[in-house]
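Numbered from 1 within each chain, the chains take letters A, B, ... in sequence-line order. Values in this document were obtained by computation on a predicted structure and should not be read as measured data.
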Protein chains: 2
Amino acid sequence: MPDVITKPDKKEHIIAAAEKLFAMRGYDATSVRDICHEADVNVAMVNYYFGSKEGMFREMVEQKASFMRGKLQALIADKSLTSIRKMEIAIEHQVNRMFLHKPFTMVVIREMSKDRGVAQRDMLQELFIPNMKLLRSIINQGIRSAEFRKVDIELTIATIIGAIWNIISTGDMMIASVSRSASAADPEALKQRLIRHLHQLIRHHLLIEANGTKS
Amino acid sequence: MPDVITKPDKKEHIIAAAEKLFAMRGYDATSVRDICHEADVNVAMVNYYFGSKEGMFREMVEQKASFMRGKLQALIADKSLTSIRKMEIAIEHQVNRMFLHKPFTMVVIREMSKDRGVAQRDMLQELFIPNMKLLRSIINQGIRSAEFRKVDIELTIATIIGAIWNIISTGDMMIASVSRSASAADPEALKQRLIRHLHQLIRHHLLIEANGTKS
DNA sequence: AGAATAATTAAACATTTGTTTAATTTTAAA
DNA sequence: TTTAAAATTAAACAAATGTTTAATTATTCT
């Protein structure tokens with residue numbers, strides 16, 4: 001039995017297919033056969049490469065984790081930026097990342113809402129803690145420097161992330177069903193609209209002097 | 001073959017068990033056998049009562065739908081309230097409902113993020129449209145009366161709902177992992193905290209004069 | 001080229017899935 | 001109490017699931 005030495009591009013191919021189907025139908029509703037059919041490989045390849053379906057999920061998570069991390073550290077260290085500007089940039093990063101990796105983000109959202117102890121959830125939880133701690137420290141810094149109000153930090157973060165998740169996962173449904181403008185069809189436009197909205201929202205919410213209507 | 005005349009309390013019992021397990025593990029990851037074991041009934045009862053697993057899900061949704069509807073209509077018609085007060089009350093209703101029916105809400109969140117065309121998603125989508133239209137009309141009214149800023153209405157609604165969803169579905173994880181206070185253990189306290197946060201958020205976000213720090 | 005290892009395949013495996021059947025027990029009415 | 005309907009059950013069903021096997025094809029290295 002070979003020790004699973006890989007031909008990485010094919011693994012990538014399988015993971016991409018899995019990511020797509022997981023996002024559409026969910027982890028449990030997607031069979032290994034579905035994935036292999038989508039990726040045009042034999043059913044046995046998943047277990048050959050990853051050992052199991054769950055092993056493949058784990059590798060998918062670990063691979064994407066690197067995308068989700070970093071970039072914010074540099075932001076925090078930057079002394080030339082105001083706290084509100086840091087927040088705006090952080091939000092922009094977050095939105096861009098989640099839109100870029102939309103299928104994966106949707107998998108994360110769905111599996112994260114499961115019970116503690118469910119393998120997929122536990123696997124994903126750690127993924128988000130670093131990011132949230134960074135956001136927290138930015139807000140904290142703003143409060144200490146009297147630039148920000150003393151808001152509920154955790155819920156402020158939860159609000160930002162929740163808003164992004166909501167838009168990503170329910171897609172344009174939440175917009176199209178409420179307004180008659182079918183404008184949300186273009187994902188890039190929707191993304192920019194979301195960034196603009198969140199910038200405005202946190203300026204009003206965080207800044208002590210209410211000078212932030214113009215973005 | 002009997003025409004499925006029901007003993008309603010037993011159906012309720014099965015639905016309650018299903019709701020609980022769906023919330024914990026997801027629709028697909030929950031087998032009919034799991035549900036029947038949880039409800040202490042025979043495996044055949046689900047098909048006897050509901051025809052199929054999906055039929056049971058449909059009945060569960062329709063039953064809960066009545067809880068999720070209404071209450072906001074009266075709010076809109078009330079002429080004695082300012083728009084911001086209406087928004088605050090609407091938020092309070094929304095949070096209370098979702099916390100009260102937390103398992104169901106989690107099922108909704110998870111299934112709603114699936115592809116259009118997936119049965120469960122389509123079934124749920126219509127559930128939320130009325131609520132969102134009502135929220136929309138409140139904000140619209142506030143903007144027309146120059147009480148509110150000209151914000152992005154759809155995204156403002158999406159933000160509020162997204163924040164609640166996030167707190168409900170990831171539970172205290174998103175809070176506990178960021179702050180060292182283990183205070184989020186008490187759901188009622190968390191609920192009140194969320195309401196307070198959202199009230200403050202929308203005051204700052206919506207009101208033209210920034211007078212709303214004190215809740 | 002030849003040997004060794006890796007990659008790939010079709011087929012089979014054991015479980016689990018949702019669902020159905022056919023028999024039995026319970027319930028309720030006459 | 002007798003009888004018909006409803007409720008409940010254990011067992012079986014067919015299909016789908018994740019996984020493994022054993023054989024075959026490709027690749028790589030000497």
Original post:
Of all the nucleotides listed (D/dG18, D/dA7, C/dT19), which has the minimum atom distance to the side chain of B/Val32?
Top reply: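 For the B/Val32 side chain, the nearest candidate turns out to be C/dT19.
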Original post:
Considering only C/dA7, C/dT17, C/dT20, which nucleotide approaches the side chain of B/Ser31 most closely?
Top reply: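 Within the option list, the nearest is C/dT17.
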[N] [atom2] sits how many Å from [X] [atom1], rounded?
| X | N | atom1 | atom2 | value |
| --- | --- | --- | --- | --- |
| B/Arg33 | D/dA12 | CZ | P | 13 Å |
| A/His37 | D/dA16 | NE2 | P | 14 Å |
| A/Tyr27 | D/dT17 | OH | P | 13 Å |
| B/Asp28 | C/dT17 | CG | P | 12 Å |
| B/Asp40 | D/dT8 | CG | P | 12 Å |
| A/His13 | C/dT8 | NE2 | C1' | 16 Å |
| B/Leu21 | C/dT17 | CG | C1' | 16 Å |
| B/Arg25 | C/dT16 | CZ | C1' | 14 Å |

Would one find a side-chain N or O of [X] under 4.0 angstrom from OP1 or OP2 of [N]?
| X | N | answer |
| --- | --- | --- |
| A/Asn47 | D/dT19 | yes |
| A/Tyr49 | C/dA7 | no |
| B/Tyr48 | D/dT8 | no |
| B/Asn42 | D/dA10 | yes |
| B/Lys10 | D/dT8 | yes |

Original post:
Just by modelled atom types, is the A/Met45 backbone N or O under 3.5 Å from a matching donor or acceptor in the A/Asn42 side chain?
Top reply: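 Judged by distance alone, no pair lies under 3.5 Å.
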**OP:** Compute both the distance and the angle, then confirm whether B/Lys53 meets the cation-pi test with B/Tyr27: under 6.0 Å from the six-membered ring centre, within 45 degrees of the axis.
**Re:**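 Yes, a cation-pi geometry holds between B/Lys53 and B/Tyr27.
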Would you compute the distance between atom [atom1] of [X] and atom [atom2] of [Y] and round it to the nearest 0.5 angstrom?
| X | Y | atom1 | atom2 | answer |
| --- | --- | --- | --- | --- |
| B/Asp28 | B/Glu111 | CG | CD | 6.0 Å |
| A/His197 | A/Ile202 | NE2 | CD1 | 11.0 Å |
| B/Phe22 | B/Phe57 | CZ | CZ | 7.0 Å |

Original post:
When you match A/Val46 and B/Ala44 each to their closest nucleotide on DNA chain D, which lands nearer the 5' end?
Top reply: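 By nearest-heavy-atom nucleotide position, the 5'-most residue is B/Ala44.
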